[in-house]
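For reference, the structure discussed in these notes is given below.
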2 protein chains.
Amino acid sequence: MSNIRQVATMAGVSVATVSRALQQPERVSPKTRTKVMLAVNEVGYKPNLMAVKFRSGKTHNLVALVPTVANVFFARVISGMQIAAAQRGYAILLANTLGDESIEANYAKMVQTSQADGLIQLRAHNPFDSSMNKPGELLPMVNVCEVMSDINCPVVTLDNRAAAKAMTLHLIEQGHSRIALIKGPQSSPLTRERLAGYRDALTDAGLTFDESLLYPGDFTLQSGHNAASKILASKNRPSAVFCENDETAIGAMQCFKQAGLSIPRDISIAGFDDISFSAFCDPPLTTIAQPAEEFGQSAVSLLIDLLEGKITKAPKVIMPFELIVRGSTGPAPKSTVA
Amino acid sequence: MSNIRQVATMAGVSVATVSRALQQPERVSPKTRTKVMLAVNEVGYKPNLMAVKFRSGKTHNLVALVPTVANVFFARVISGMQIAAAQRGYAILLANTLGDESIEANYAKMVQTSQADGLIQLRAHNPFDSSMNKPGELLPMVNVCEVMSDINCPVVTLDNRAAAKAMTLHLIEQGHSRIALIKGPQSSPLTRERLAGYRDALTDAGLTFDESLLYPGDFTLQSGHNAASKILASKNRPSAVFCENDETAIGAMQCFKQAGLSIPRDISIAGFDDISFSAFCDPPLTTIAQPAEEFGQSAVSLLIDLLEGKITKAPKVIMPFELIVRGSTGPAPKSTVA
DNA sequence: TAACCAAATGAAACCCGTTACATTTTAACG
DNA sequence: CGTTAAAATGTAACGGGTTTCATTTGGTTA
């Protein structure tokens, strides 16, 4: 690999001049500039940006801690992060953490060992060890989707509680009074927030909250399918099912259809996220649309602002959601309503 | 940030000794080792790995050029890459190229500017500029999924032609003789290979290849839906549809179902990839399973071997596929067969 | 105790840009 | 033409590790 000194020799100038000719062309005479450019081409010079990063102390790398890269919703967030980062000259170091805290910690160390400037966390968990805690100083981190309550950290999310309430309200308006909820992983704050919103809507509508209508899930297709089997087997079957994400809903939908139920005639199903597959179910899934790509973009933008000292307080960005009513929800069957 | 010199001062030894105490503990006396470790903790020393990378000329970063991060199949490949890379001490720099050659070239430059050691390409396209071509030397690149014919490059893929042939054969065995094919993007070699396999099977079975049964697509849900509409509108409608990927199949399936067709009674549908959603369709989708995660792992492993000089020839790794027969394919309707 | 070798340690170069500071060249003006 | 300021260019330090080579220390043996 050629270096700047070879270019300098070839051009018959000093390394400083070469550096200037490349970084601030107006600082060198046109004549010298030409000489340098010719020499650059001559020796096929490509700057060693590792040296630049080392010297400057800025890597322009951001670590993204993603529990599961293969999750469609997360994939959209990553896509947004990637695009925003590229626009501002940063690269994304992707970490597939599988929710494992030791893996998270390993990647977080990249920030502590100067391999990355900052970190984006999709889970509600602080991956840094205590040595990073500087009193009064923000960690070089931004949280997306899930909110960490115990730490002061910029965050991009949406009002999950309000969104879940809106969806539940939609179902109630359709005449449903027994609405099952298939939850997400217990560990996720999202699960609790969405449950709270579901409960809010019931309370507002004067309906009783029934623990037995809550089903465990973990945001996977399979867990939706499993929960649906249990719902089918329950006595007093609910007339609607609100799933805390779309994958769960799609898994549940398959189970109901294979059992011979017609959706939404026999049972209504609603999801959360609006992944691409949701519009292509049969029937298409009623869901809450989240601006996933914007989550990623906004998070990256916030993190870079933080790193570049443009913000010092930790903002909380609440993105808008949208209730998307499609064919999977409809009026409650008369028999159930009666 | 503390550095190694501060540790040296604190421990009362030279920087060389500190470096050795940390890298090759057996090379220093136990007494010194202890002194150094105490000093490390004392000043909260974290090595600047950017300096190490700069000095060594090895970044231990790999660039992954992915056309669309949000594609579920690619997401699985990325997941595999990520895991294999982590195991061998490498990090993945993710690039969402959108198939744009200038974006690809930008990320490829990261290799040329010493920001990454190598690159994994998911498209059949060489992103490097000509300055990288060293006669007789392999590029620091591995190809996954798609094969580049014009360049000598290690590759991990599967026999798409054979797989498409196997699927088509399956449909033929079910009694189908008019089988539509919804293709992928024209630009992708996958599209052509799968088409070739489809054709092979028809030829072997003595069926005529009918151009009018080929429908354009681009691997998206929407394109599958669009193609299905056209199929519905065609006179002499085919009794089976082979889609070049699962997303297309799922999009097509929705269209057929909404038109009142029963699958597979009225029409059979087959896909390719075996994404997670395929098992959770109604009916579940017959498809070709590809070991996507293994693609990623194998590619990373190959690339690292290449970078570390463990291989000098460009191997071609052909992964196995599996025909997964589910409910979306069945015997051809009698009326059509007759 | 002298001689000798191995183990332990230290000094300094090195990687490759950027940049502060010093020096030289150029241009302008009296 | 001489003076002076501005523009252009050069020199060398710097960043933080690793590593080579030299030196010192320690222990062993005659």
Side-chain angles (χ1 to χ4, degrees), chain A residues 1-40 42-61 89 109-117, chain B residues 1-40 42-61 89 109-117:
Chain A
M1 287 288 278
S2 57
N3 62 30
I4 203 170
R5 280 158 235 270
Q6 290 172 39
V7 176
T9 307
M10 177 70 64
V13 298
S14 72
V15 293
T17 302
V18 175
S19 180
R20 277 187 291 253
L22 296 172
Q23 304 307 320
Q24 324 159 52
E26 73 284 357
R27 293 275 317 278
V28 301
S29 72
K31 201 172 41 171
T32 312
R33 206 181 306 158
T34 319
K35 270 195 300 184
V36 170
M37 291 313 178
L38 285 174
V40 163
E42 181 75 20
V43 304
Y45 172 66
K46 291 279 187 311
N48 181 335
L49 294 190
M50 219 60 181
V52 176
K53 291 176 171 195
F54 159 56
R55 175 69 218 267
S56 70
K58 300 286 170 213
T59 64
H60 283 227
N61 290 337
K109 248 180 230 146
M110 295 187 80
V111 176
Q112 302 185 53
T113 55
S114 311
Q115 296 182 80
D117 299 337
Chain B
M1 288 287 280
S2 58
N3 62 29
I4 202 171
R5 280 159 236 270
Q6 291 172 38
V7 176
T9 307
M10 178 68 67
V13 297
S14 72
V15 293
T17 301
V18 174
S19 180
R20 277 188 290 254
L22 296 172
Q23 304 307 321
Q24 324 158 51
E26 74 284 358
R27 293 276 318 278
V28 301
S29 72
K31 202 171 40 173
T32 314
R33 207 180 306 158
T34 319
K35 270 195 298 183
V36 170
M37 291 312 178
L38 285 174
V40 163
E42 181 76 18
V43 304
Y45 173 66
K46 291 279 188 309
N48 181 335
L49 295 190
M50 219 58 181
V52 175
K53 291 176 172 195
F54 159 55
R55 174 66 218 265
S56 69
K58 300 286 170 213
T59 64
H60 282 224
N61 290 337
K109 248 180 231 148
M110 295 188 80
V111 175
Q112 303 184 51
T113 56
S114 311
Q115 296 181 81
D117 300 337

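A quick note: this is a predicted structure, and the numbers were derived from the prediction, not measured. Per chain, numbering begins at 1; letters A, B, ... match sequence-line order.
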Using a 4.5 Å cut-off on heavy atoms from C-beta on, say whether the side chain of [Y] contacts that of [X].
| X | Y | value |
| --- | --- | --- |
| A:T59 | A:Q115 | no |
| A:V40 | A:L22 | yes |
| B:T32 | B:V13 | yes |
| B:K53 | B:N61 | yes |

Value in whole Å for how far the [atom2] atom of [N] lies from [atom1] of [X]:
| X | N | atom1 | atom2 | result |
| --- | --- | --- | --- | --- |
| B:L22 | D:dT18 | CG | P | 8 Å |
| A:K46 | C:dC15 | NZ | P | 21 Å |
| B:E26 | C:dA7 | CD | P | 12 Å |
| A:R20 | C:dG17 | CZ | C1' | 13 Å |
| A:Q24 | D:dT9 | CD | P | 13 Å |
| A:I4 | D:dA12 | CD1 | P | 17 Å |
| B:R5 | D:dC14 | CZ | C1' | 10 Å |
| B:Q23 | D:dG17 | CD | C1' | 9 Å |

Nearest-nucleotide 5' precedence on DNA chain D, B:L49 against B:K31: B:L49

Between [options], which one does the side chain of [X] approach most closely?
| X | options | answer |
| --- | --- | --- |
| A:N3 | C:dG17, D:dT9, C:dT18 | C:dG17 |
| A:N48 | D:dT9, D:dG17, C:dG17 | C:dG17 |
| A:R27 | C:dG17, D:dT9, D:dT18 | D:dT9 |

Closest-nucleotide ordering on DNA chain C, the 5'-leading residue of A:T17 and B:S29: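 Comparing both residues, the 5'-ward one is B:S29.
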
First of B:A16 and A:R55 reached from the 5' end of DNA chain C, by closest nucleotide: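 Between the two, 5'-proximity favours B:A16.
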
Presence of A:S19 side-chain N/O under 4.0 Å of C:dT18 phosphate oxygens OP1/OP2: yes

Under 4.0 angstrom between B:Y45 side-chain N/O and D:dG16 OP1 or OP2: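 It does not, given that no N or O in the side chain of B:Y45 lies less than 4.0 Å from OP1 or OP2 of D:dG16.
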
Neighbour count >12 (heavy atoms, 6.0 Å) for atom NZ, B:K46: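 Yes, because the 6.0 Å sphere around NZ of B:K46 holds more than 12 heavy atoms from other groups.
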
Aro-ring/base stack A:F54-C:dG17, d under 5.5 Å, angle under 30°: no

